[in-house]
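The structure under discussion appears below in the form of structure tokens.
In what follows, chains carry the letters A, B, and so on, assigned in the order in which the sequence lines appear, proteins first and then strands, with residues in each chain numbered from 1. All values below were derived from every heavy atom in this structure, side-chain atoms included, with hydrogens, water molecules and symmetry-related copies excluded.
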Number of protein chains: 2
Amino acid sequence: MNNWDRENSIAKFVRDRRKKAKLTQVELSDFTGVGLRFVRELEQGKPNLMTDKVNQVLLFFGNTLTPTPISDETRRNMGK
Amino acid sequence: MNNWDRENSIAKFVRDRRKKAKLTQVELSDFTGVGLRFVRELEQGKPNLMTDKVNQVLLFFGNTLTPTPISDETRRNMGK
DNA sequence: TTAAATTATACCCATAAAGGTATATATTAT
DNA sequence: ATAATATATACCTTTATGGGTATAATTTAA
């Protein structure tokens, strides 16, 4: 087993959005063009990821990775 | 020469903040613990980067990478 | 409870990121 | 204009990501 942080903001974001869209990991993998394994590691909070791969997935949900002040980040995460 | 996008949000962010802090690339490299070459590629808009390395630099400026709606992103970039 | 579907873990491989360093170009100050 | 500082480009090496696949384990549905 790994001890990644499934609760990190990116992992949570993708899991939540995918479920809201009623998609499986396989489908998300197909739609975004990233490998299935990547989707899984992403959702499980793997710490080291390539930014363009992450963006490839986030773009599907209309988002991208951007620098955000820590305070905003924590605020953002307060809303569950 | 490479044809990366120096104007991408992350590259611009780091360049601007570093200059505002009156630091050289070497100093930023030392302070953040990432390699000098990484700082350079980061500021020049290399598209494929490891998220944790990027965060290692962003953290120095009190920021982190987070998923952000495209609309917010463009809005954010309107403020130069 | 069982079967089907979804998600998680474990392996190998190719590719490229990141580090280091050395040289060239550009910017700044004298 | 010249020297000093800072930034950019180019090389090689190590390392680990991401892909693929095959097998567990877990969740969901019948």
Side-chain angles (χ1 to χ4, degrees), chain A residues 1-68 77 80, chain B residues 1-68 77 80:
Chain A
M1 188 180 60
N2 65 51
N3 54 325
W4 300 338
D5 175 19
R6 285 176 55 91
E7 299 311 309
N8 87 60
S9 58
I10 300 175
K12 264 192 352 190
F13 177 88
V14 175
R15 264 184 289 128
D16 291 358
R17 288 304 198 92
R18 178 175 63 78
K19 286 177 187 171
K20 280 181 188 165
K22 304 256 185 200
L23 297 175
T24 68
Q25 293 177 336
V26 175
E27 289 169 327
L28 185 59
S29 161
D30 288 344
F31 289 153
T32 59
V34 304
L36 174 55
R37 242 200 47 205
F38 180 84
V39 171
R40 288 171 176 165
E41 294 180 335
L42 174 63
E43 292 196 359
Q44 286 173 58
K46 183 175 180 179
N48 276 19
L49 299 170
M50 310 288 311
T51 53
D52 72 332
K53 288 290 163 190
V54 177
N55 278 326
Q56 211 171 323
V57 174
L58 293 186
L59 209 60
F60 181 77
F61 297 117
N63 288 59
T64 56
L65 286 180
T66 56
T68 310
N77 290 350
K80 185 172 146 295
Chain B
M1 185 180 61
N2 65 51
N3 54 325
W4 300 338
D5 176 20
R6 283 176 57 92
E7 298 311 310
N8 88 58
S9 57
I10 300 175
K12 265 191 356 189
F13 177 89
V14 174
R15 265 184 287 129
D16 292 357
R17 288 303 198 92
R18 177 174 63 79
K19 286 176 186 170
K20 279 182 187 164
K22 305 254 185 202
L23 297 175
T24 68
Q25 293 177 336
V26 176
E27 289 168 328
L28 186 57
S29 161
D30 288 345
F31 290 153
T32 59
V34 304
L36 174 56
R37 243 199 46 203
F38 181 84
V39 170
R40 289 172 174 163
E41 295 180 334
L42 174 63
E43 292 196 358
Q44 287 173 57
K46 181 175 182 181
N48 276 18
L49 301 169
M50 309 287 313
T51 53
D52 72 332
K53 288 290 162 189
V54 178
N55 279 325
Q56 210 172 322
V57 174
L58 294 187
L59 210 60
F60 181 78
F61 297 118
N63 287 59
T64 56
L65 285 180
T66 55
T68 310
N77 290 351
K80 187 168 146 296

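Across all their heavy atoms, A:Ser29 and A:Leu36 have their closest contact at OG-N, 3.3 Å. A:Ile10 approaches A:Asn8 most closely through the heavy-atom pair N-OD1, 2.9 Å.
Every side-chain contact (heavy atoms from CB on, under 4.5 Å) that A:Leu59 has, sequence neighbours left out, goes to A:Thr64, B:Ile70.
Residues A:Val57 and A:Phe38 have side chains in contact (heavy-atom distance under 4.5 Å, counting atoms from C-beta outward). Two residues are said to be in side-chain contact when any heavy atoms from C-beta on lie closer than 4.5 Å; A:Lys22 and A:Glu27 fail this criterion. You'll find the side chain of A:Leu42 stays beyond 4.5 Å of the side chain of A:Val34, heavy atoms only.
Put simply, CG on A:Asp30 is 15 Å from C1' on C:dT7, counting in whole angstrom units. Taking atom NZ of A:Lys22 as the reference point, atom P of C:dT6 lies 13 Å away to the nearest angstrom. Separating the NZ atom of B:Lys46 from the P atom of C:dT15 is a distance of 17 Å, rounded to the nearest angstrom. One can place CG of A:Leu28 at 15 Å from C1' of D:dG18, the figure rounded to the nearest angstrom. Rounded to whole Å, the distance from CG on A:Leu49 to C1' on D:dA16 is 12 Å. Atoms CG (A:Asn2) and P (D:dA16) sit 16 Å apart, rounded to a whole Å. A straight line from NZ of B:Lys19 to P of D:dA6 spans 14 Å, rounded to a whole angstrom.
Among the heavy atoms of the strands, none lies under 4.0 Å from B:Arg15.
Distances shorter than 4.0 Å separate none of the side-chain N or O atoms of A:Lys53 from OP1 or OP2 on D:dT17. Not one side-chain nitrogen or oxygen of B:Gln25 sits closer than 4.0 Å to the OP1 or OP2 atom of D:dT5. Taking only side-chain nitrogens and oxygens, A:Asn48 comes nearer than 4.0 Å to OP1 or OP2 of D:dT17.
For residues 31-45 of chain B, proximity to DNA chain C is found at B:Val34, B:Gly35, B:Arg37, B:Phe38, defined as any non-hydrogen atom under 4.0 angstrom from a strand atom.
Checked options B:Arg18, B:Arg37, B:Lys12; the residue passing with B:Glu43 is B:Arg18 (criterion: salt bridge (charged side-chain N to carboxylate O under 4.0 Å, His left out)).
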Strictly under 3.5 Å: I want the nitrogen or oxygen pairs between protein and nucleotides 26-29 of chain C, one per line.
none

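In this structure a side-chain-to-backbone donor-acceptor pair under 3.5 Å is missing from B:Thr51 to A:Asn48.
Note: A:Phe31 and A:Phe60 have parallel aromatic rings, judged against thresholds of 30 and 60 degrees for the angle between ring planes.
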